[in-house]
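Whatever order the structure lists ligands and atoms in, that order sets their numbers, starting from 1.
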Amino acid sequence: MNIRMNRRRRLYEGKAKVLFEGPEPGTLVQYFKDDATAFNNQKKGTITGKGVLNNRISEYLMTKLNEIGVPTHFMRRLNMREQLIRKVEIIPIEVVVRNVVAGSLAKRLGIPEGTVLPRSIVEFYYKNDQLGDPMVSDEHITAFGWACAPELEEIMSLALRVNDYLSGLFLGIGLKLVDFKLEFGRVWEEDGMMRIILADEISPDNCRLWDVRSNEKMDKDRFRQDLGKVEEAYQEVARRLGIMPEMVTGADVPLDGSIETIGKA
Ligand code: UDP
């Protein structure tokens, strides 16, 4: 393995990931941490190995989405915890797609968790930790200029395509895709055209996945609700996807942007 040591500039640290300057202009390195938070940062913890699993799971799902023509920021995985991504201008909206009632929807409207929705529902939340990511409508988004109407239309259509595709993919491995959160960003292509592409990650951190037979939760709700076997659930999702990372014998990737695997990871 060819390893280059060079300290990269840390650009942003979030709750579960760190972004470093990428090796080429227009790229970033996304590092996946084991840190977990819930309830707007009130609950904090670590899920051992989560970063490694989410890096793999997100790589797998984003690659599949790319293959069906959903543009994503994913370029390639660099090593156990890092992936090379396209730099985007993040649209400050969390897009939640729901198929089954759970979480905040169950609480807000008093509908029992597990109720199957008559059709998929798309919701928008304004990305702002201080405000606790308040729910907003398309009116707020366009009025405040977070995205324009055609962009929102594109976001909706991409989100629903992702939902259709991922629902089928997960059903094939005995998991129900209850709901999930997506983030989108803008990129400017060489021809000067702006495009909306899928960003962030897709993993059990931001999806609700229930076992089809037992309805057992296989996602971050195990952490949120102290259900135990959190690592095991993430591992099981990876295993069913057929991407359980090989046993790790070498050292883990340090969180200082100093390691990068050249070539195919
Ligand atoms: N979600 C997320 N980040 C957030 C809020 C929600 O990834 O900041 C995901 C969450 O994992 C779930 C879906 O979006 O799959 C819907 O979450 P919900 O609105 O029910 O909120 P929660 O119950 O997570 O507070």
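Partners of Asp35 under the salt bridge (charged side-chain N to carboxylate O under 4.0 Å, His left out) rule, at least two apart in sequence or in another chain, are Lys33.
Note on residues 98-116: pairs passing salt bridge (Lys or Arg N to Asp or Glu O under 4.0 Å), not counting sequence neighbours, are Arg98-Glu123, Arg98-Asp179, Arg108-Glu123, Glu113-Lys217. Listed by first and then second residue, the salt bridge (Lys or Arg N to Asp or Glu O under 4.0 Å) pairs involving residues 224-233 are Lys43-Asp226, Asp221-Arg224 (not counting sequence neighbours).
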>> Using the rule given for side-chain hydrogen bond (donor to acceptor under 3.5 Å, both in side chains), can you reason through Glu201 versus Ser203, listing the C-alpha separation, both sets of side-chain angles and the distance that settles it, and then say yes or no?
In response: CA-CA 6 Å; Glu201 67 173 293; Ser203 72; 2.7 Å; yes
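Within the 4.5 Å cutoff, side-chain heavy atoms of Ile155 are placed close to those of Val95.
Of the candidates Asp205, Asn55, Asp34, Asp205 is the only one forming a side-chain hydrogen bond (donor to acceptor under 3.5 Å, both in side chains) with Lys50.
Sorted by chain and number, the heavy-atom contacts of ligand 1 below 4.0 Å come from Glu94, Val96, Arg98, Ala102, Gly103, Ser104, Tyr125, Asp133, Asp179, Phe180, Lys181, Asp205, Asn206, Cys207, Arg208, Arg224.
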